[in-house]
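Input: a single structure, listed below in structure tokens.
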There are 2 protein chains.
Amino acid sequence: MNPELSLLETFLHGEKYYLPSVAANNVIFGFNDDQMKVLLLKITATEKWTLPGGFILKDEELIVAAERILKTATGLESVFLQQFGVFGGVDRAKEEMKTLPDQLKNVKISEDSFLLQRFVVIGYLALVKYHLVTPKCDEVTQCEWFDLNNLPPLTFDHNLIVENALKVLRFQLSYLPIGYNLLPEEFPLKSLQLIYETILGRKLDRGNFNKKILSYGILEKKEKFYGGGAHKAPYLYSFKKEIYFNALENGLSKDF
Amino acid sequence: MNPELSLLETFLHGEKYYLPSVAANNVIFGFNDDQMKVLLLKITATEKWTLPGGFILKDEELIVAAERILKTATGLESVFLQQFGVFGGVDRAKEEMKTLPDQLKNVKISEDSFLLQRFVVIGYLALVKYHLVTPKCDEVTQCEWFDLNNLPPLTFDHNLIVENALKVLRFQLSYLPIGYNLLPEEFPLKSLQLIYETILGRKLDRGNFNKKILSYGILEKKEKFYGGGAHKAPYLYSFKKEIYFNALENGLSKDF
DNA sequence: ACAAAAGTGTTTTCGATACACCCATGA
DNA sequence: TCATGGGTGTATCGAAAACACTTTTGT
């Protein structure tokens, strides 16, 4: 749940190191096997899966905390990572949190312990290359990818948080490029189209999608890929990094 | 700065009542005299103007806190009020805060007092009817409307927060209706156009604007308004509330 | 040869934009 | 009657959508 303190230690004296009342949760998206995935973790002793999250050190920038949480769960740094909302319902978590100590080791925790306080959660969304991630498991924590369209019930309001992350992505799709952080170096257009379709939640026309995505001038055509299947081999493409990252800053525009 | 505690009391024992580390700031927009306005306040003894803000009671929903802050500054409730971002830089405020006690009454405040802690600020943006607001002044606090295009230097990172609020509004303009909370019951199209122009930061074509806004079907034509000026009298319009509020939920769409 | 998937082209429609023209009003 | 601002109509352009046709591949 955090790099320095064990869960138990956080219960007992998290307030020494962390900003009280504030936490961060990451919605980490990946793409594999033609599907969008979300990285979830679970404390082995508990029932529900949860978003990777953690607390903010007293002198730590919010984004740095989010990066730290991302690195703990995936080993990755410097990917697309963006704040997308705040979730602060009163008692959104308390009842569920209370059951944690029992499930863990029957430790008695006082009512006013750090983790039982009210937290305002800042949501961050991350896009990462699936194949670069080794979901980090140990004795206490499981970590796994789930299909975005088939998530289990999550702790607290985390299902809501994922939905919000998706909604924000959907809006950004119309003016920002996407894919560089989700796809391997070279990929067929169809993969990118599948990402768009998953985020938008609807099918897109192949011809129109190709025309549009190519018109942005962020893609470079590579070799054909003879991959198997009785059909025409697709060309592979890669992103032109400079143009891609410029578009991330300034928005997409047609290149003519 | 908050309804229950004086500034001094908040300094001394804010932690008894408020969630630590979290605060809310409201960017309150109004429209008058053909211009967008922002409501600012200033503690008389200090230099800079600041956004209306406050803290979150320990068992208070975030949005309720934002409504409370809005009501304190304007007397209004139930207007358009929306969370739009989080601002949490380390030490974004500390140095400026430190000078407050001196300016107020030379009270000695300990280094670890409530107000000198680090705060994560949640930004809310409100749209209100200018003429319904009586900016609330008392001995300690001034409260005034400022032209959006001519804001003074604000405390902390509040100028940045206003800019962000505007950016968010600009995006929403393309898929949500706006104006009901800014205009009187009946108004000429030109007023609405001016709001759009201010938020977008550019001139719009009158003919095209009228066609587009009418195509949404959210407006109802009323009487002509003979107001003065040597020119054709404009029609007045009012919003069709049901359609307007439905569009706020589900987005704007053409009515045919 | 055939099915499946990829690439490419055509047509139509719609919205955004620019701009023209006429109308109403008070000075 | 003239200047000013308001209402409405037209022409153009480009993007989006629907869809057809061709090409390439393994079986």
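Proteins come first, then strands; the chains are lettered A, B, ... in the order of their sequence lines, and each starts at number 1.
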Any donor and acceptor pair, going by atom type alone, linking the side chain of B:His158 with main-chain N or O of B:Leu51 inside 3.5 Å? yes
Other residues, nucleotides and ligands only: do more than 12 of their heavy atoms fall within 6.0 Å of [atom1] on [X]?
{"X": "A:Glu223", "atom1": "CD", "answer": "no"}
{"X": "A:Glu144", "atom1": "CD", "answer": "yes"}
{"X": "B:Lys129", "atom1": "NZ", "answer": "yes"}
{"X": "A:Lys167", "atom1": "NZ", "answer": "no"}

All salt bridge (Lys or Arg N to Asp or Glu O under 4.0 Å) counterparts of A:Asp205, not counting sequence neighbours: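 Applying salt bridge (Lys or Arg N to Asp or Glu O under 4.0 Å) to A:Asp205 gives none.
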Taking the six-membered ring for Trp and the single ring otherwise, decide whether the centroids of A:Phe171 and B:Phe171 are under 6.0 Å apart. no
Between B:Phe80 and B:Tyr180, ring centroids under 6.0 Å: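 No, the ring centres sit 6.0 Å or more apart.
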Rounded interatomic separation in angstrom, taking [atom1] from [X] and [atom2] from [N]:
{"X": "B:Leu194", "N": "D:dG6", "atom1": "CG", "atom2": "P", "value": "9 Å"}
{"X": "B:Gln193", "N": "C:dA16", "atom1": "CD", "atom2": "C1'", "value": "15 Å"}
{"X": "B:Phe209", "N": "D:dG7", "atom1": "CZ", "atom2": "C1'", "value": "14 Å"}
{"X": "A:Leu214", "N": "C:dG9", "atom1": "CG", "atom2": "P", "value": "12 Å"}
{"X": "A:Arg202", "N": "D:dA16", "atom1": "CZ", "atom2": "P", "value": "11 Å"}
{"X": "A:Asn210", "N": "D:dA17", "atom1": "CG", "atom2": "P", "value": "14 Å"}
{"X": "A:Leu236", "N": "C:dA5", "atom1": "CG", "atom2": "P", "value": "17 Å"}
{"X": "B:Phe225", "N": "D:dG5", "atom1": "CZ", "atom2": "C1'", "value": "14 Å"}

Return the angle between end axes of the helix from C:dA1-D:dT27 to C:dA27-D:dT1, with five pairs used per end and rounding to 10°.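 Inter-axis angle at the termini of the helix from C:dA1-D:dT27 to C:dA27-D:dT1: 10°.
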Contact list for residues 69-87 of chain B, test salt bridge (Lys or Arg N to Asp or Glu O under 4.0 Å), sequence neighbours left out: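 Found B:Lys71-B:Glu77.
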Take B:Phe187 and B:Phe239, measure what ring-ring contact (aromatic ring centres under 6.0 Å, His included) needs, and give me the verdict at the end. CA-CA 9 Å; B:Phe187 54 89; B:Phe239 286 104; 5.1 Å; yes
Go through residues 184-192 of chain A and report each residue with a non-hydrogen atom lying under 4.0 Å from DNA chain D, sorted by number. none
Sequence-aligned protein contact record of nucleotides 18-27 of chain D, with B where the base is within under 4.0 Å of a protein heavy atom and S where only the sugar-phosphate is: BB---BBBB-
Suppose we screen for ring pair (Phe, Tyr, Trp, His ring centres under 6.0 Å). Which residues come up paired with B:Tyr196, at least two apart in sequence or across chains? B:Phe209
